[in-house]
Amino acid sequence: MRWGNEVNISFRMVDNETGDSQITFDGEIIKYIRSKWEAHFYDKPEISEDGGYEFEVILKEKPNSNVLEFTIQTKGLDFFYQPPLTQKEIDEGTSRPDDVVGSYAVYHKTRGGLNSSVGMDYKAGKAFHIYRPKVTDANGNSIWGELNIDEINGLLTVTIDQTWLDNAVYPVVIDPTFGYTTIGATSINTNSPSVCKFTAPAENGD
């Protein structure tokens, strides 16, 4: 949550596995353990200026589906998909890190625009960033997962290339990361002046 719970979001992985589960603690890491997979939760302070949080899924064997599903519930938030930059944007000096391509910038629905309220500093209204998940197998081979948020149906999905999963060495780690950041994740050439609430390449916010 942000700004005194004015906005919040919760995620719950869709679990179709039967049988017992176990919750353990390894230092500051919370582990939810199932027979075929487990999830790790922990702070990731280095991800952004305000820190971040890791929701890491470990597949112990090849899954029945190449899509991981998470139900989501949100309050007061808008989601802006960050597509690859166009060649024109690149030529103009705009840059976007690999983990931001295919990610989501998440903003307060009604606050922002470099304004602040009593006791609340909204800045541009950015609540946090959901970075594109990286998928890595036991041999260190990696691929980017495809992230999608369906606000209407309350669903976040991570799709992994099926051929890559077929050839991966397990366990495989999928790491959706949530950054509590108010800074845009895309850099723009400052020689091209503009004034806006947030950067909006390809009709999407950043």
Side-chain angles (χ1 to χ4, degrees), residues 1-2 7-24 26 29-44 47-48 52-84 98-107 109 126-138 141-181 185 204-205:
M1 66 178 119
R2 295 296 301 271
V7 300
N8 63 53
I9 186 169
S10 64
F11 299 83
R12 182 184 296 272
M13 185 170 174
V14 176
D15 182 6
N16 295 317
E17 185 177 333
T18 59
D20 295 334
S21 61
Q22 182 182 9
I23 296 177
T24 65
D26 182 3
I29 300 175
I30 303 169
K31 296 183 177 181
Y32 177 79
I33 301 172
R34 304 287 268 153
S35 62
K36 296 180 180 179
W37 64 274
E38 57 188 74
H40 297 175
F41 311 88
Y42 54 93
D43 286 325
K44 199 170 185 180
I47 194 65
S48 68
Y53 200 75
E54 187 82 13
F55 186 152
E56 189 176 76
V57 178
I58 295 93
L59 304 177
K60 301 177 184 179
E61 59 185 58
K62 188 170 77 171
N64 294 327
S65 172
N66 67 327
V67 180
L68 297 183
E69 294 186 335
F70 303 80
T71 59
I72 59 174
Q73 292 182 324
T74 68
K75 171 187 173 184
L77 293 170
D78 281 330
F79 297 82
F80 297 93
Y81 180 72
Q82 306 299 295
D98 289 341
D99 61 349
V100 174
V101 175
S103 68
Y104 282 83
V106 187
Y107 281 83
K109 277 185 178 292
K126 187 172 185 180
F128 54 88
H129 204 102
I130 305 175
Y131 292 91
R132 179 165 61 155
K134 197 166 192 177
V135 186
T136 306
D137 77 355
N141 300 311
S142 62
I143 190 174
W144 291 108
E146 180 182 333
L147 183 66
N148 182 72
I149 292 179
D150 183 345
E151 293 182 68
I152 295 175
N153 292 309
L155 198 65
L156 179 149
T157 58
V158 176
T159 303
I160 308 164
D161 181 82
Q162 184 64 62
T163 301
W164 190 92
L165 285 174
D166 292 341
N167 293 284
V169 179
Y170 290 81
V172 164
V173 178
I174 304 104
D175 68 341
T177 302
F178 306 88
Y180 300 106
T181 179
N204 287 276

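- Looking at Arg132, its side chain does come within 3.5 Å of a backbone N or O of Asp98 through a donor-acceptor pair.
- Here the NZ atom belonging to Lys109 is positioned 3.5 Å from the CG atom belonging to Asp78, to the nearest 0.5 angstrom.
- In this structure, CD1 in Ile130 is found 3.5 Å from CD1 in Ile149, a value given to the nearest 0.5 Å.
- Residues Trp37 and Tyr32 have side chains in contact (heavy-atom distance under 4.5 Å, counting atoms from C-beta outward).
- When all heavy atoms of Val101 and Pro84 are compared, the closest pair comes out as CG1-CG, 3.8 Å.
- Within the structure, every pair that satisfies the salt bridge (Lys or Arg N to Asp or Glu O under 4.0 Å) test and touches residues 9-20, not counting sequence neighbours, is listed here: Asp15-Arg34.
- Scored by the ring pair (Phe, Tyr, Trp, His ring centres under 6.0 Å) test, Phe55 finds Phe41, Phe70 as partners (sequence neighbours excluded).
- Proximity of Val100 to Tyr131: side-chain heavy atoms (C-beta onward) are separated by under 4.5 Å at one or more points.
- Listed by first and then second residue, the side-chain hydrogen bond (donor to acceptor under 3.5 Å, both in side chains) pairs involving residues 159-172 are Lys62-Asp166, Gln162-Asp166 (not counting sequence neighbours).
- Annotation: side chain to side chain donor-acceptor pair (under 3.5 Å) contacts of Asn8 (sequence neighbours excluded): Asn5.
- Taking every heavy atom of both residues into account, Leu77 and Ile9 meet most closely at CD1-CB, 4.0 Å.
- Scanning both residues, Ser103 and Leu147, for their nearest heavy atoms gives CA-CD2, 4.3 Å.
- When all heavy atoms of Gly145 and Val158 are compared, the closest pair comes out as CA-CG1, 4.4 Å.
- The salt bridge (Lys or Arg N to Asp or Glu O under 4.0 Å) pairs that include a residue from residues 141-150 number zero, where partners must be two or more places apart or lie in different chains.
- Separation of atoms NE2 (His129) and OH (Tyr107) is listed at 9.0 Å; rounding is to 0.5 Å.
- Scanning both residues, Lys60 and Ile33, for their nearest heavy atoms gives NZ-CG2, 3.7 Å.
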Report task. Could you please spell out the steps behind the side chain to side chain contact (heavy atoms under 4.5 Å, CB included) verdict for Val7 and Phe128? Result -> CA-CA 11 Å; Val7 300; Phe128 54 88; over 6 Å; no

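- Proximity of a side-chain donor or acceptor of Asn66 to a complementary backbone N or O of Ile160 within less than 3.5 Å is detected.
- Other residues, nucleotides and ligands place no more than 12 heavy atoms under 6.0 Å from the NZ atom of Lys36.
- The OG1 atom of Thr74 lies 11.5 Å from the CG atom of Leu156; values are rounded to the nearest 0.5 Å.
- With sequence neighbours excluded, no residue forms a salt bridge (Lys or Arg N to Asp or Glu O under 4.0 Å) with Lys75.
- Note that the NZ atom of Lys31 and the CD1 atom of Ile58 stand 7.5 Å from one another [nearest 0.5 Å].
- In this structure, the separation between NZ on Lys134 and CD1 on Ile174 is 14.0 Å, given to the nearest 0.5 Å.
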